[in-house]
Structure formats: C-alpha cells, structure tokens
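Note that the structure is predicted; figures quoted are calculated from it, not measured. In listed order, ligands and their atoms are each counted from 1. Position 1 is the first residue of the sequence, and the numbers go up from there.
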Amino acid sequence: MILFLDFDGVLHPEGEDHILNGGADFCFLPRLEALLREFPHVKIVISSSWREQLLYQSLLKPFSSDIRARILGATPHSGFGLPPPYRKREGEILAWLQLHDAVDEPWVALDDAYWQFDHCKDHLVVCSSFVGFDDKACAELRARFEGASR
Ligand SMILES: [Mg+2]
C-alpha cells in the first residue's frame with residue numbers, strides 16, 4: 001500500500017504562506033504518523049507541490065525518523081506526469097507508479113485538491129483545505145489502510 005501525501009491543506013490548514021515565512025507548521029503530522037505506525041506495510045510518496053521548491057532532504061525534515069525511513073520518494077515534477085485527460089496530480093501519481101513498476105500496488109492519495117483527481121477519484125481521501133487532516137479524514141484513511149491489509 002502506498003500513500004501519496006500532500007502537505008498544504010492536509011498536514012496543516014491551507015492559507016498561510018508556510019514556505020515564505022519559514023515556519024513549517026505540520027500540526028497534523030503527529031496524528032498521521034500515529035496512524036501510519038499502526039500500519040507498517042504502508043509506504044509513503046510525497047505528492048505535494050513543495051517537492052518543486054525544496055530539496056528532497058528538506059522535504060523529509062518534518063517527519064519522525066521511523067516514518068522518514070518509509071518514504072520512497074516524491075512524484076515526478078509536472079510535465080513528467082500523464083497527459084490529459086488525467087488531472088495534473090493524479091497524472092503525476094500514475095507516472096510515479098509506472099516509473100517504479102508499481103501499477104498493481106494498492107494506493108491512496110491524501111489530498112485537499114479534489115479537482116486534481118478525476119479518473120482516480122476512488123483512490124482519494126480528501127481533506128478540507130482550511131481544516132486539514134481531521135478526525136473524519138483520519139477515520140477514512142484508516143479504513144483504506146484496513147481494507148488493503150485484509
Ligand atoms: Mg494541498
């Protein structure tokens with residue numbers, strides 16, 4: 001099981017400029033990491049647009065070391081994703097799966113940008129942008145993880 005992980009609107013509410021003010025907030029990361037620890041078979045790929053602006057090592061910094069060890073990489077930059085009719089983010093995710101010979105791997109995307117998913121909407125656990133990874137999203141993600149481990 002692979003979790004494609006967005007940052008803004010997921011690990012913290014959207015709306016503040018987290019990069020420019022230098023303050024990585026990540027207030028919901030502990031909640032996500034606690035869930036991930038219950039499902040050690042789940043690997044992580046970063047799909048956030050932060051990957052286009054920060055070095056890979058900087059992207060990994062907010063994560064605890066045990067969770068960081070489970071991060072496989074980041075999706076390819078825009079332009080290397082699948083072309084339309086796929087939406088940008090789902091195209092980048094599918095491109096990652098193809099590049100890593102993992103098209104048959106179960107996956108879920110945790111993202112607030114529901115409009116970035118069309119063909120793969122059934123893989124999406126959506127967060128509300130101005131709320132982030134709340135109890136509801138956490139319960140839904142847990143159900144996906146449980147479904148994949150059956
Ligand atoms: Mg987002």
Side-chain angles (χ1 to χ4, degrees), residues 1-39 42-64 67-100 102 105-145 147-148:
M1 180 75 161
I2 300 174
L3 170 66
F4 288 92
L5 179 62
D6 181 34
F7 287 2
D8 295 327
V10 175
L11 297 182
H12 42 244
E14 180 83 86
E16 291 159 66
D17 198 333
H18 293 283
I19 292 178
L20 286 185
N21 70 18
D25 183 342
F26 294 97
C27 55
F28 297 129
L29 185 54
R31 171 181 282 167
L32 178 64
E33 290 191 334
L35 180 66
L36 285 166
R37 286 186 185 106
E38 293 180 45
F39 298 92
V42 177
K43 305 288 187 200
I44 302 132
V45 174
I46 295 167
S47 57
S48 166
S49 58
W50 283 42
R51 73 198 195 286
E52 296 173 356
Q53 302 179 46
L54 295 179
L55 293 173
Y56 185 64
Q57 289 311 316
S58 308
L59 280 182
L60 303 186
K61 248 183 223 162
F63 294 88
S64 304
I67 301 296
R68 196 183 302 142
R70 293 163 57 183
I71 300 178
L72 302 177
T75 52
H77 287 209
S78 15
F80 292 91
L82 263 56
Y86 294 98
R87 302 289 166 85
K88 181 168 170 281
R89 186 146 295 172
E90 70 181 353
E92 291 162 356
I93 290 171
L94 293 172
W96 189 94
L97 291 166
Q98 286 184 358
L99 286 167
H100 294 82
E105 188 76 20
W107 63 273
V108 59
L110 182 63
D111 210 304
D112 62 319
Y114 57 87
W115 59 91
Q116 293 277 359
F117 296 82
D118 182 12
H119 290 266
C120 303
K121 252 187 273 190
D122 51 332
H123 289 268
L124 177 65
V125 171
V126 72
C127 294
S128 176
S129 302
F130 296 104
V131 175
F133 188 59
D134 61 359
D135 288 342
K136 183 170 166 282
C138 190
E140 200 185 324
L141 189 59
R142 172 190 293 279
R144 300 292 182 110
F145 289 168

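- The heavy-atom pair separating W96 from A102 by the smallest distance is CZ3-CB, 4.4 Å.
- Without hydrogens or angle criteria, E33 side chain to S64 main chain gives a donor-acceptor distance under 3.5 Å.
- Under 2.8 Å from the Mg ion (ligand 1), one finds the following protein N/O/S atoms: D6 OD2, D8 O, D112 OD1.
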Listing, residues 123-131 side-chain donor-acceptor contacts under 3.5 Å, not counting sequence neighbours, or none:
| from | atom 1 | to | atom 2 | distance (Å) |
| --- | --- | --- | --- | --- |
| H123 | ND1 | W107 | O | 2.8 |
| S129 | OG | D112 | OD2 | 2.7 |

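- Side-chain atoms of E90 come within 3.5 Å of backbone N or O of R87 as a donor-acceptor pair.
- Atom CG in D6 sits 7.5 Å away from atom CG in L11 (nearest 0.5 Å).
- For the 3.5 Å distance criterion, the side chains of R51 and T75 qualify, holding a donor opposite an acceptor.
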